[in-house]
Amino acid sequence: MVSGPIADAHLLVAKSDTAETDRDSSDGSTEPARWRTDDGADTVTTVETIDDALERVTDGLIDCVVTGRTLVDGSGLELLEAIRERDATLPVVLAPVDGDESLASEAITAGVTEYVAADRSPEERGRAIERAIETGRRRRRRRSRARGFTAVFEDSETQSWLLEPDARVRRANEVALEAIDATGTDVVGRPFLDVSPWHESDDERATLRKALETAANGSVVRRELPWTASGETDGSEDVSAEIGRTDSDRSRTLSVTIRPVRDETGTVTSVLVRAEDVTERAGLEQELRESEELHRVTLNNMTDTVLVTDDDGEFTYVCPNVHFIFGYDDDEIHEMGTIDELLGAELFDREELAEGGVLTNIECTATDEAGREHTLLVNVREVSIQDGKTLYSCRDVTERKRRDEALTALHRTTRRLLYAETDREIVDLVVGDATDVLALEASGIYRFDPENNVLQPAAHSSGMAELHGPLSAERVGDENVLGAVFLEGESRFFEDITDAAAFSNPTTDVRSAAFVPLGDHGVFVVGSSSPDEFDDASRELTDLLAATTEAALDRVERERTLRERDRELKRRNRQLTRLNRINELIREIDAALVQAETREEIEQAVCDRLTAADRFSVAWIGASDDGGDHLEVRAYGGPRRGREYLDSVSLSLSGDATEPAVRTATHREVTVVSNVVDGLRDERWRGEALAAEYQSVLGVPLSYDEFTYGVLTVYADRPDAFDDVTRSVFDELGETIASAIAAVERKSALLSDSSNRLEFAVRDESSVFTRLAERADCTLWFDGGVRQHDDGATVFASVEGASATDVVAAAADLVAVEDAQVVDGGPSPADDDDRTGGTVRLVLSRPFFALRLADHGIVLRRLVATPSLARIVVDVPSSVDARESADIVSSEFEDVDLRSKQTVDRTMRADGRADLLDTLTDRQLEVVQLAYYGGYFESPRARSGEDVAETLEISPAAFYQHVRTAQRKLFEALFDGTAHVLDDEVGLNSEP
């Protein structure tokens with residue numbers, strides 16, 4: 001018996017009984033081969049014809065065919081050829097009884113597997129059949145592998161290259177050739193790196209080179225490489241679709257596998273490169289990776305935490321971000337055991353969850369690892385995820401809830417601020433509510449003091465006092481945080497205040513701190529004993545509370561300003577009303593002054609107007625008596641009790657009386673008593689005034705051109721009746737009244753038939769005439785003729801004891817003399833050429849005392865000045881108080897003595913002289929005066945008309961015209977009887 005492949009083989013034996021008969025080998029002759037079923041094969045089938053053999057072979061159950069040389073219907077070679085046409089791998093053993101080399105050669109050519117003579121021993125025949133079966137099996141395996149390789153190599157979805165170990169192309173399938181747009185002859189024998197789809201990319205070439213080397217050494221290499229497909233189509237695609245395709249549409253991903261191909265000895269004989277398009281799969285994998293990454297990042301970074309439990313509440317899944325809320329990691333959460341340990345028992349109704357499948361927005365509280373309490377909103381849902389049955393989605397709403405509570409508190413504070421009326425109320429309210437709004441224990445407000453340029457503590461909470469102590473004032477500047485925040489207008493937040501020199505107290509327990517400006521009002525300060533308490537939400541709330549505080553302070557300030565403006569407007573309206581009444585009063589008084597003819601009428605009209613329509617209680621005008629030691633009432637307006645009051649108080653000017661009228665007369669300035677009650681027991685007159693129901697008093701001097709005509713005193717029945725405006729108006733009214741009195745006295749002086757002539761001796765070195773006389777060492781005198789003009793006055797003065805030229809030279813340095821000219825040089829002495837005497841024309845600047853005297857009705861009649869003394873003679877109308885006139889003259893000079901006083905009657909001749917002078921204009925009078933004093937009318941003429949005209953700076957024609965006009969007026973007055981030539985008045989021709 002044989003073993004090996006034959007043991008499991010199914011043999012087909014083809015033989016001819018006639019051609020190949022059994023023989024007895026005892027005689028030593030050749031006997032036919034005997035094939036027995038016990039030769040070792042599992043099954044032996046015997047046939048005699050070619051057709052039967054082929055039929056059996058076709059069934060596919062035959063492992064090996066054994067045939068003799070001849071069969072019934074043919075030969076063994078014919079059977080061999082027929083089998084080979086059908087199956088090139090089926091082993092065929094030719095075992096002829098009478099074979100030869102020729103038969104063996106033909107058999108081999110026909111593809112016989114084994115050739116063995118039938119007379120060989122059974123062992124030899126067995127080994128031959130065994131070899132044939134093994135060869136057949138090997139061939140079938142190779143064919144099978146070849147077919148499999150071909151099937152794989154020619155896969156229509158995969159690019160395939162068969163390479164030599166040195167990476168030269170041995171073969172490429174159609175898909176690979178189409179990918180590079182080449183034919184087999186284009187690539188066979190060329191290096192794969194030069195013809196592959198990645199031959200243009202250095203990176204891919206390097207990757208492939210390393211992979212090919214690895215595969216040639218016996219290892220399988222897998223790589224994914226990008227590839228841009230060719231834009232050509234095979235005609236089956238829509239061309240229009242290809243036109244719109246972009247490069248990204250043709251960009252593909254290929255999975256490249258490079259594996260070695262070995263022979264029976266294990267030697268690498270070739271390398272197979274396969275590139276499969278995995279673009280869709282790679283895209284899906286990329287999307288999956290991105291989705292997984294997104295899921296991972298989302299779970300790790302989202303603030304919501306997801307937990308999954310089984311039916312017993314034990315955790316089956318814990319979100320990686322669980323520490324965001326609870327502070328524990330997922331392992332620590334698992335160690336808790338059940339969800340009840342984390343969220344508490346009885347979080348929800350199980351039956352309700354079973355009914356609805358989901359429960360949302362369940363609010364609960366949980367404590368984290370650090371012991372802090374969190375408010376959570378939990379959504380619960382039934383799920384089926386592996387072993388998990390219940391999913392919990394937890395959202396931390398602690399900050400949101402606190403923010404909501406803070407906003408509610410802020411809203412409440414804002415409503416309360418709407419009704420706050422003072423700064424104090426606002427700062428106290430804000431500091432008190434800051435703890436509820438911001439959940440911080442320390443707060444305070446500094447207010448800016450613009451007068452001292454400091455920030456003053458205005459209010460602080462008890463927590464601030466405990467943590468920091470008393471707040472101190474801080475100067476505005478960059479050297480401290482408070483001042484810098486106020487100046488810059490920008491908020492500052494500190495995680496730990498000890499890192500900044502912010503407070504003046506170095507021992508403060510405040511850590512977290514915020515400084516927020518309140519506009520121009522100051523700075524809001526808030527803090528906590530814990531560091532890093534200000535997150536974005538608390539910073540926003542702090543700024544919002546400060547902005548609300550600033551708005552409230554702005555509102556109060558605006559309202560205060562509006563109230564002040566309203567009060568000021570009312571005050572001004574009252575003032576305007578009073579001013580209108582005063583203006584109406586002044587107009588009435590002015591009208592009365594214009595109509596009055598005498599001083600008495602003026603004074604009485606003023607008193608009557610002031611007390612009319614209950615404007616003031618009492619008004620009276622007083623003046624000093626002849627002795628000058630007592631005020632006399634000249635005019636009075638008001639009820640009788642006012643006179644009784646005047647009788648009850650002292651009006652003495654020589655004592656220490658303090659009644660307002662006396663003080664005004666003494667000091668010659670306005671006196672105002674706003675409230676009579678002030679100092680009631682210090683001055684007796686106040687009690688009398690209060691008894692008469694007078695509560696405020698105003699005294700005004702009646703002064704004009706430094707001359708006082710008395711005192712106007714007004715009493716009112718209310719305090720503060722005389723404000724600054726009223727005082728100013730009455731001050732001007734006093735001057736107006738005095739001017740009116742002076743005007744009527746001037747008029748009275750012109751109409752009076754008599755006057756008082758006063759002669760004064762003046763020792764005043766500042767007098768212009770005294771200074772001229774002293775400088776020129778002469779005597780100057782003139783008869784009172786003064787021509788007034790805009791710049792001053794012009795006088796003609798006679799000179800004795802010196803030349804007129806010396807006087808003009810002396811006048812050149814005097815500021816009071818605008819111009820000086822020699823009019824008449826004086827007589828020429830017989831013995832020499834020196835001249836003394838003469839006349840000068842002096843132009844004097846304002847103020848000239850003669851003009852000021854004339855304003856009060858006082859006429860300058862003569863002035864004689866020597867180097868040491870000046871004599872002045874004036875005429876005062878009888879209606880004017882001579883003592884007051886003397887005071888006027890005394891006020892003009894420093895040292896004045898009244899030498900004489902006499903009464904002078906005005907005659908018709910004097911009146912005629914005045915009338916004659918009134919007919920001449922100022923220019924005509926000046927021309928004829930200069931002509932007269934210059935000797936023009938003497939015979940022979942001392943000066944010609946041309947000389948006088950030159951002195952006057954006018955043309956000779958103008959001079960002659962003025963002279964003729966003056967002469968004509970003089971003769972008209974003479975011959976028409978309207979005037980008389982005047983002689984020198986009595987006493988004026990006498991020498992000084």
Side-chain angles (χ1 to χ4, degrees), residues 299-309 313-315 317-349 353 359-381 390-413 432-443 461-463 466-467 493 495-496 509-514 526-542 544-545:
L299 288 179
N300 286 335
N301 293 280
M302 72 178 184
T303 56
D304 289 4
T305 293
V306 177
L307 306 168
V308 182
T309 66
E314 294 183 357
F315 297 103
Y317 173 78
V318 177
C319 184
N321 68 347
V322 67
H323 61 282
F324 282 0
I325 296 178
F326 300 101
Y328 302 103
D329 58 26
D330 52 355
D331 292 336
E332 291 172 328
I333 294 294
H334 279 289
E335 290 175 0
M336 290 184 179
T338 65
I339 193 73
D340 293 346
E341 296 295 327
L342 191 64
L343 300 181
E346 300 181 357
L347 178 65
F348 59 92
D349 188 344
L353 176 62
L359 299 176
T360 60
N361 295 333
I362 302 172
E363 184 173 321
C364 69
T365 59
T367 304
D368 63 13
E369 185 180 22
R372 293 185 295 263
E373 191 173 80
H374 296 258
T375 301
L376 307 180
L377 283 183
V378 182
N379 294 337
V380 183
R381 180 184 299 274
T390 307
L391 183 146
Y392 299 80
S393 175
C394 306
R395 174 170 296 179
D396 190 347
V397 295
T398 306
E399 291 299 324
R400 189 180 74 183
K401 187 171 183 180
R402 187 174 71 83
R403 183 181 178 86
D404 291 342
E405 293 174 350
L407 289 175
T408 301
L410 179 62
H411 182 62
R412 182 175 61 250
T413 301
D433 289 358
T435 302
D436 294 334
V437 176
L438 303 177
L440 300 173
E441 61 268 37
S443 61
S461 66
S462 58
E466 293 175 2
L467 294 178
F493 293 87
E495 295 180 359
D496 193 335
D509 291 329
V510 175
R511 291 299 175 261
S512 299
V526 64
S528 172
S529 58
S530 301
D532 198 16
E533 285 290 330
F534 291 98
D535 54 14
D536 292 341
S538 59
R539 292 187 182 204
E540 182 180 355
L541 281 172
T542 303
L544 190 57
L545 178 58

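Computed from a prediction, not measured in an experiment: that's the story for all the values here.
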For His411, what residues pass the side-chain hydrogen bond (donor to acceptor under 3.5 Å, both in side chains) criterion, not counting sequence neighbours? Arg415

Euclidean distance, [Y] [atom2] relative to [X] [atom1], rounded to 0.5 Å:
X: Leu438; Y: Leu541; atom1: CG; atom2: CG; answer: 6.5 Å
X: Leu544; Y: Ser538; atom1: CG; atom2: OG; answer: 12.5 Å
X: Leu407; Y: Thr413; atom1: CG; atom2: OG1; answer: 11.0 Å
X: Ile362; Y: Cys394; atom1: CD1; atom2: SG; answer: 10.0 Å

Distance-only donor-acceptor hits, side chain of residues 324-346, under 3.5 Å, sequence neighbours excluded:
| residue | atom | partner | partner atom | Å |
| --- | --- | --- | --- | --- |
| Asp329 | OD1 | Asp331 | N | 3.3 |
| Asp329 | OD1 | Glu332 | N | 2.8 |
| Glu332 | OE1 | Asp329 | N | 3.0 |

Do [X] and [Y] have side chains that get closer than 4.5 Å, going by heavy atoms?
X: Leu307; Y: Thr390; result: no
X: Asn321; Y: Thr305; result: yes
X: Tyr317; Y: Leu391; result: no
X: Phe348; Y: Val378; result: no
X: Leu440; Y: Ser512; result: no
X: Asn379; Y: Asn361; result: yes
X: Ser528; Y: Arg511; result: no

Establish, from distance only, whether the side-chain atoms of Ser529 and Glu441 form a donor-acceptor pair under 3.5 Å. yes

Does atom CZ of Arg381 have more than 12 heavy-atom neighbours, drawn from other residues, nucleotides or ligands, at distances under 6.0 Å? no

Suppose the criterion is side-chain hydrogen bond (donor to acceptor under 3.5 Å, both in side chains): which pairs have a residue in residues 364-375, not counting sequence neighbours?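 Matches after skipping sequence neighbours: Asp368-Arg372, Asp368-His374, His374-Asp396.
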
Do NZ/NE/NH1/NH2 and the carboxylate oxygens of Glu399 and Arg402 come within less than 4.0 Å? yes

Is any NZ, NE, NH1 or NH2 atom of the basic residue among Arg403 and Glu540 found under 4.0 Å from an Asp or Glu carboxylate oxygen of the other?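 So Arg403 pairs with Glu540 through a salt bridge.
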
